[in-house]
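What follows is a short report on a single structure.
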Amino acid sequence: MEENQVHIPDGWESYVGNEILKVQGGYAFKSNDYKAEGILLVRIGNVGNGYFVFKDVIYVPKRFQITHSNFQLWKGDVLMGLTGDLGKICILKDGNFPYFLNQRVGRFIPTDKIDNEYLFYLVSSSFVQSKFDAFFAGGAQKNISPKQIESISYVIPKSKPEQTTIARILSKVDEAIARTEQLMDKYTRIKTGLMQDLLTKGIDEHGNIRTEETHEFKDSPLGRIPMEWEVPTIDNIKEFITSGSRGWAQYYSVEGSQFIRITNLKRKQIEIDKTEMKFVKLPVSAEGMRSKLQVGDLLISITADLGIIGIVPADFGDAFVNQHIALVRLNQDDIYPDFIGYFLCSQQGQRMFNLLNDGGAKAGLNLNTVGNIPVIKPSKTEQILNVERIEAVNKTVGDFQKQLIKFQSLKTGLMQDLLSGKVRVNHLIKEKASV
């Protein structure tokens, strides 16, 4: 019946799972066999979405290679978690093999009808994932058995070269995704190191990072800093501090002014996230206008998750904050707001909020406490130069993020087209054969 509901492209065939693959469940190794070294034991937590997760790994003795050799894993094995998040499927690519297969993890064993890498992409696809999900209608606990995986139908090309070509195309996109992720990680680390240098040492008149070998430093409440820097409190550099009023829910609307909540502030960045924005229509009153935002306003979360920072950018539009956010209007004559925002996002700035948390302030910070937070203050010119360098790296990370989204979208589309037979690759096979 299922086969009649699915269009089968020319040259493709629908197979019951056990005609093209087997699924082997893992062995129930005992916890007292777990060791700090030996042969890596693959557990559910090691099976990621398309990749192996080298985290919280454990090992079992090498003697199991003799007694449990049929549970050894090798490069190219396709694995799936059989409990919990069933969308997690990976293929083993790099490692010190063999590994061992633990219980509740399944290994796919292909027959000669299906290419191994093609199998990996097939069982990762939305077509097959929806069939797995169908076993759990009604909210049942997500446990799937090898027999259930082998019982569903799979529509695949009968031609192994066509399968191999599809897998090769998808693997090239995966390689591009992996390279982009690595570059993102690299530049994120560069940004972290750069911020550490800029916000503890800064830039001298020649544009170089200061060192204690070449410049004078001094002790301060925030550690060693350049001699020319000051350490004011937020009270010393503010025009005023306030927060939103309670009872804003009565003003919620489908349109109107933007209403900033803690969910619109993001860790490790000063941008305000608009993806879950609420809107309000306020009565014109002094109380309502008290927390209206202006360009450059510093926002700090002061309840629950303390110390998340935002800076209001230019052209942001009308906006207000709720009572869970402190609004600090800075004196911009000698303060560049983005610099203070980046400092409060940095390791040094976040350390102060962590100390406040540890000191019992988890329920919230009052505005007096916010005003007493110390910050660094180089010259405004240096503040601007520091921000420009940080944002140059931010742009690079953002460009890689956009590229990553583009590749991920490309992969989703290709999987839909190639694994359904909507787009065929026969011409690529013919070109390869003629070379």
Side-chain angles (χ1 to χ4, degrees), residues 2-23 47-52 74-81 86-94 106-134 149-181 403-435:
E2 183 180 10
E3 181 176 332
N4 294 332
Q5 296 174 340
V6 177
H7 170 69
I8 300 178
D10 292 340
W12 289 42
E13 188 69 53
S14 178
Y15 296 96
V16 176
N18 59 21
E19 296 179 287
I20 60 169
L21 59 87
K22 300 293 181 184
V23 179
V47 181
N49 288 314
Y51 55 90
F52 186 85
W74 303 93
K75 182 176 181 178
D77 279 340
V78 177
L79 309 179
M80 172 177 168
L86 302 180
K88 292 187 175 180
I89 295 171
C90 73
I91 185 168
L92 298 180
K93 292 185 176 181
D94 301 302
R107 166 171 46 187
F108 289 89
I109 303 173
T111 69
D112 59 3
K113 289 185 174 68
I114 187 166
D115 175 82
N116 185 66
E117 194 170 19
Y118 179 87
L119 170 62
F120 163 66
Y121 288 111
L122 178 66
V123 294
S124 302
S125 70
S126 59
F127 318 117
V128 174
Q129 289 289 315
S130 64
K131 294 180 181 183
F132 293 158
D133 288 340
I149 296 171
E150 294 171 5
S151 70
I152 65 176
S153 63
Y154 300 82
V155 178
I156 65 173
K158 289 189 285 187
S159 163
K160 287 282 286 290
E162 185 171 358
Q163 295 177 25
T164 303
T165 302
I166 290 170
R168 188 175 71 248
I169 292 170
L170 293 174
S171 68
K172 290 296 183 184
V173 180
D174 271 342
E175 289 170 9
I177 289 172
R179 284 194 301 270
T180 306
E181 288 174 335
Q403 192 173 35
L404 179 62
I405 292 171
K406 178 181 176 182
F407 284 135
Q408 289 170 335
S409 178
L410 174 63
K411 179 182 175 181
T412 298
L414 284 173
M415 288 185 72
Q416 289 285 336
D417 290 342
L418 298 178
L419 296 171
S420 67
K422 181 179 178 181
V423 173
R424 304 298 294 273
V425 296
N426 294 350
H427 66 287
L428 296 176
I429 299 169
K430 291 175 182 177
E431 287 174 8
K432 183 178 179 182
S434 64
V435 173

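The side chain to side chain contact (heavy atoms under 4.5 Å, CB included) check on Lys22 picks up Asn18, Ile109, Glu150, with sequence neighbours excluded.
Rounding to the nearest 0.5 Å places CZ of Phe108 at 11.5 Å from CG of Asp77. Note that CG of Asp174 is 12.5 Å distant from CD1 of Ile169, once rounded to the nearest 0.5 Å. Glu19 CD to Ile156 CD1: the interatomic distance, rounded to the nearest 0.5 Å, is 9.5 Å. Between the CZ atom in Arg107 and the CG atom in Leu21 there is a gap of 13.5 Å [rounded to 0.5 Å]. For the atom pair CZ of Phe407 and CD1 of Ile405, the computed distance is 12.5 Å after rounding to the nearest 0.5 Å. Leu170 CG to Glu175 CD: the interatomic distance, rounded to the nearest 0.5 Å, is 11.5 Å.
Between Asn49 and Lys88, the shortest heavy-atom distance links the atoms OD1-CG, 3.2 Å. When all heavy atoms are compared, the tightest approach of Ser14 to Ile8 is CB-CD1, 3.8 Å. Minimum interatomic distance between Ser420 and Pro9 (heavy atoms only, all atoms of both residues): O-CG, 3.4 Å. For Arg424 against Glu162, the heavy-atom pair with the smallest separation is NE-OE2, 2.9 Å. Scanning all heavy atoms of the two residues, the minimum distance from Lys160 to Asp115 falls at CE-N, 3.6 Å. Closest non-hydrogen pair, Val123 versus Phe132, comes out as O-CE1, 4.1 Å.
Between the Lys422 side chain and the Gln416 main chain, no donor and acceptor come within less than 3.5 Å of each other. No side-chain donor-acceptor contact under 3.5 Å links Gln163 to the backbone of Leu119. At distances below 3.5 Å, not a single donor-acceptor pair connects side-chain atoms of Lys93 with backbone N or O atoms of Tyr51. Ser125 places a side-chain N or O within donor-acceptor distance of the main-chain N or O of Leu122, the cut-off being under 3.5 Å.
Residue Val128 is tested with Ile89, Val155, Ile152 for a side-chain contact (heavy atoms from CB on, under 4.5 Å); the sole match is Ile152.
Taking the side chain as every heavy atom from C-beta outward, Tyr121 and Glu117 approach each other to under 4.5 Å. Under the 4.5 Å side-chain criterion, counting only non-hydrogen atoms from C-beta, Lys158 is in contact with Tyr15. A 4.5 Å side-chain heavy-atom check between Leu419 and Tyr118 finds at least one atom pair inside the cut-off. Residues Leu404 and Ile177 have side chains in contact (heavy-atom distance under 4.5 Å, counting atoms from C-beta outward). Considering only heavy atoms from C-beta on, Ile91 comes within 4.5 Å of Asn116 through its side chain. Looking only at side-chain heavy atoms (C-beta outward), Phe52 and Leu92 come within less than 4.5 Å of each other. When side chains are defined from C-beta on, Thr165 counts as touching Arg168, because their heavy atoms get closer than 4.5 Å. Side chains of Ile149 and Met80 form a contact here, defined as non-hydrogen atoms less than 4.5 Å apart.
The number of heavy atoms from other shown groups lying within 6.0 Å of NZ (Lys75) does not exceed 12.
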